[in-house]
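Below is one structure, written out as structure tokens; comments come after it.
A, B, ... follow the sequence lines: proteins, then strands. Residue 1 opens every chain.
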Amino acid sequence: MNFIISATQQAIKQLYNEAVEASVINIQETRKEFAGQVTVLVFPFIKFSKKSPEATGTDIGNYLLENVEEVTAFNVVKGFLNLSIADHYWLDLFHHTLLSPDFGKPKSNGKKVMVEYSSPNTNKPLHLGHVRNNLLGYAVAELLAADGFDVVKVNLVNDRGIHICKSMLAWQKWGNGETPESSGLKGDHLVGKYYVIFDKEYKKEIDALVAEGQSPEDAKKNAPLIKEAQQMLLAWEAGDEEVIGLWKKMNGWVYDGFAITYKNLGVDFDKYYYESNTYLLGKDTVDEGLAQGVFFKKPDGSVWIDLTAEGLDQKLVLRADGTSVYITQDLGTAQMKYDDFKMDQSIYVVGNEQDYHFKVLFAILEKLGKAWAGGLYHLSYGMVDLPSGKMKSREGTVVDADDLIAEMVATARQKTESLGKTSDFSDEERQMLYQNIGLGALKYFLLKVEPKKRLLFDPSESIDFQGNTGPFIQYTHARIKSLLQKANYQFREDSLSFSGELAPTELEMIMLLAKYPAEVSAAAQAHSPAFLANYLYEVAKLFNKFYHEVPPIIKEENESLKQHRLHICKVTADVLKAGMKILGIEVPERM
RNA sequence: GCCUCCAUAGCUCAGCUGGAUAGAGCACCGGUUUUCUAAACCGUAGGUCACAGGUUCGAAUCCUGUUGGGGGUACCA
């Protein structure tokens, strides 16, 4: 639509002898209730024309009508100049842009971006909150790749610390040598079971101590179990073989379990980092900061940074005893990741409870003069809450990822069977279909809402399969594929002969489909898969309208019109498939 | 206390840099199948865009304040 902008600039120059910047020309799609496809806002020009908005719009409209070949008519409503653009313009766009083989394909921008997501603790299975993180991280990575970035997906596994020791200790005490094999439990669930047992026993001890007269705070510190767990962490850090052996064994179970969940979710990583390897990093950075005078040492030997000028607080970066805190590790890890990949941008997909942490982290790296600090971004997303409140693994009030996936697949199966359209599928095909539809519903449900908004999930209400949902879009795609197959559709250059009038919905389809690359790009820049999800829904919805309005395409006798409509179907299917792929959702050929 | 995010239909959400009469889905009510997949389509109804000011030709959108809710707040990660 650039030609409208430049033509409007010329119009202003000719009519009012005023040179205006292109940015002043505000054009938008014409609302459906008015004639035309493109609307120019005339409000900014009335100061040049010294006329009413209506008169100004009419002036410009007349100029465009006379001087721009594609403009076939115009009307002015208040300050809105609505332009009708010739069908041949849209057909040309359709034939040469939308139907070209590289439409919607990524064009490399030569930049590298890292997306860190998932980052689980290895003491318990994944729950719905992690599912949101994983799907968001994966989709954002795919979006950036579709927008031309070279993407590195990274998982920083939190595999050490007191929480792991809690599971280990409980298993030692009460596990009786139970293994995933002996119990039939998925590894991460088995370990999570002992995490819950630890918490239960720990609480009993606290209660007992409180009954003996200790304050709750003291009781929490003095309970024998927590002391033992701390002891175990010290032994781990000292390299105690027995503790390390147990740690490796139990973490191994967890990784086996996670691998299954990741596979079901369809997420993957190019590189894993483990906190057991990175927890000592960052001390070099602290030395660097001290040498630069960015950090300062307090009399007790602890190291701090003063960020009050940045509107933040003073922040500890190293304890008096020389041991690290969370931010120390993250400083070191950020440096290591940069040294490994030299990426232009780095995105951390982490919940909004850590907003403050990342503000501080980025501010520190900025102050240390790291040239790459400007490319760091915290993709902060809202928590997933239940009607009862926050999910807590320790208390078992979580929606388990594996259970939820299984439930979604079972619902997809039930729904599909009741419709009875897939009786000729093999068992394998059927299983694949249920998986795709169930996961499609779940993924779309989580991705269609803006990341930063918190999400309420009511386990008693099942996720929809109708309306603005993943299966709706999948269905639309399957429907098109079935149509194309029945029509024996093959794309051929010489079939681009249609030159007649476009039906209103056809025109709408072409305009909407043409926006696909811009939508992907906008979604990538906003780090928001929700943008894309809502766009794909619009495409599917409009297509279904088109499908109902237009007489059966296969029976169309005008061959050129038939091919034309099949082309629209084809581009729609391609856009839905490519877009859903970015969201991590497979679209079946039939369902 | 301070910082930060959120508030749009009964419910779940769109509404991108300020533009025309605020849009979808679910649920509710009614209609469409001898025509390419009815997981679809069409229609009815549903709104003080939390509240109050301000900026502007124009505010759900920007600014200030208030209320309500989430999160954070210096040696947990």
Side-chain angles (χ1 to χ4, degrees), chain A residues 23 26 28 30-31 33-34 39 41 43 46-47 53 77-80 82 119 121 158 160-163 275 279 300 302-305 307 311-321 323-330 351-357 359-360 380 382-383 385 390 412 415-416 418-419 421 437 441 445 448-450 452-458 461 464-476 478-487 519 522-523 525-526 528 530-531 533-535 537-538 540-541 543-545 547-556 569 590-591:
Chain A
S23 60
N26 191 344
Q28 55 188 240
T30 304
R31 289 181 71 111
E33 55 265 43
F34 303 106
T39 295
L41 297 188
F43 299 104
I46 53 177
K47 60 185 169 212
V77 181
K78 298 186 207 168
F80 299 87
N82 303 320
S119 306
N121 289 345
N158 187 356
R160 58 138 244 140
I162 190 78
H163 49 283
E275 255 186 52
Y279 79 106
D300 66 357
S302 58
V303 181
W304 296 72
I305 183 165
L307 292 169
L312 303 167
D313 303 301
Q314 290 201 356
K315 180 86 188 169
L316 175 92
V317 294
L318 197 68
R319 291 191 187 103
D321 63 7
T323 57
S324 306
V325 289
Y326 180 33
I327 198 117
T328 326
Q329 288 180 47
D330 262 8
N352 63 8
E353 61 206 345
Q354 295 199 36
D355 285 357
Y356 183 74
H357 171 76
K359 254 189 211 175
V360 171
S380 162
M383 298 286 103
D385 289 332
K390 231 184 146 167
K415 180 82 187 162
T416 306
S418 73
L419 290 172
K421 296 178 193 170
I437 297 175
F445 175 81
K448 77 171 176 184
V449 323
E450 202 51 40
K452 73 175 168 186
K453 292 206 176 179
R454 69 190 262 261
L455 208 124
L456 191 77
F457 178 81
D458 188 345
E461 282 178 38
D464 274 321
F465 283 66
Q466 274 158 13
N468 187 357
T469 66
F472 170 81
I473 298 171
Q474 291 173 318
Y475 170 76
T476 306
R479 200 185 209 189
I480 297 171
K481 279 303 169 99
S482 157
L483 171 58
L484 293 176
Q485 209 194 349
K486 284 192 175 145
E519 292 286 334
Q525 276 167 42
S528 174
F531 258 52
N534 285 298
Y535 167 76
Y537 172 66
E538 270 183 67
K541 191 170 163 51
F543 179 83
N544 281 312
K545 190 183 170 194
Y547 183 90
H548 276 262
E549 266 181 25
V550 164
I553 296 169
I554 292 175
K555 295 184 178 149
E556 177 58 53
C569 294
R590 281 183 57 199
M591 64 186 274

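Under the 30°/60° scheme for interplanar angles, the aromatic rings of A:His357 and A:Tyr326 are found to lie parallel.
Side-chain atoms of A:Lys421 come within donor-acceptor range of the base of B:U37, with a qualifying N/O pair under 3.5 Å. Interface remark: the A:Thr39 side chain does form a donor-acceptor pair with the B:A20 base, using a distance-only criterion of under 3.5 Å. Side-chain atoms of A:Thr416 and base atoms of B:A39 include a donor and an acceptor less than 3.5 Å apart.
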Contact state string [nucleotides 22-34 of chain B, B base, S sugar-phosphate only, - no protein heavy atom under 4.0 Å]: -SSSS--------

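The listed nucleotides are B:G19, B:A77, B:C13; the one nearest the side chain of A:Gln354 is B:A77. If you check B:A74, B:C36, B:A39 against the side chain of A:Trp304, the one that comes closest is B:A74. Considering only the side chain of A:Arg319, B:A77 comes nearest among B:A77, B:C57, B:A39. Distances were taken from every side-chain heavy atom of A:Arg479 (C-beta onward) to each of B:A74, B:A77, B:U37; the shortest belongs to B:U37. For A:Asn544, whose side chain is taken as the heavy atoms from C-beta onward, the closest listed nucleotide among B:A39, B:C41, B:C75 is B:C41. Listed nucleotides: B:U73, B:C5, B:A39. Nearest to the side chain of A:Lys452: B:C5.
Distance CD (A:Glu275) to C1' (B:C76): 12 Å, rounded to an integer number of Å. The distance from atom NZ of A:Lys315 to atom C1' of B:G72 is 10 Å, rounded to the nearest whole Å. The CG atom of A:Asn534 sits 6 Å away from the P atom of B:G15 (whole-angstrom rounding).
Between A:Lys453 and B:A7 there is a side-chain polar atom (N or O) within less than 4.0 angstrom of OP1 or OP2.
Side-chain atoms of A:Thr469 and A:Asp464 include no donor-acceptor pair closer than 3.5 Å.
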Starting at the 5' end of RNA chain B, write a dot or bracket for each base, bracketing those in Watson-Crick or G-U wobble pairs whose two distances are under 3.5 Å and using | for partners on another strand. (((((((..((((.....[...))))..((((.......))))......(((((..]....))))))))))))....

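Both thresholds, 5.5 Å between centres and 30° between ring planes, are not jointly met by A:Phe472 relative to the base of B:A40, so the two rings are not stacked.
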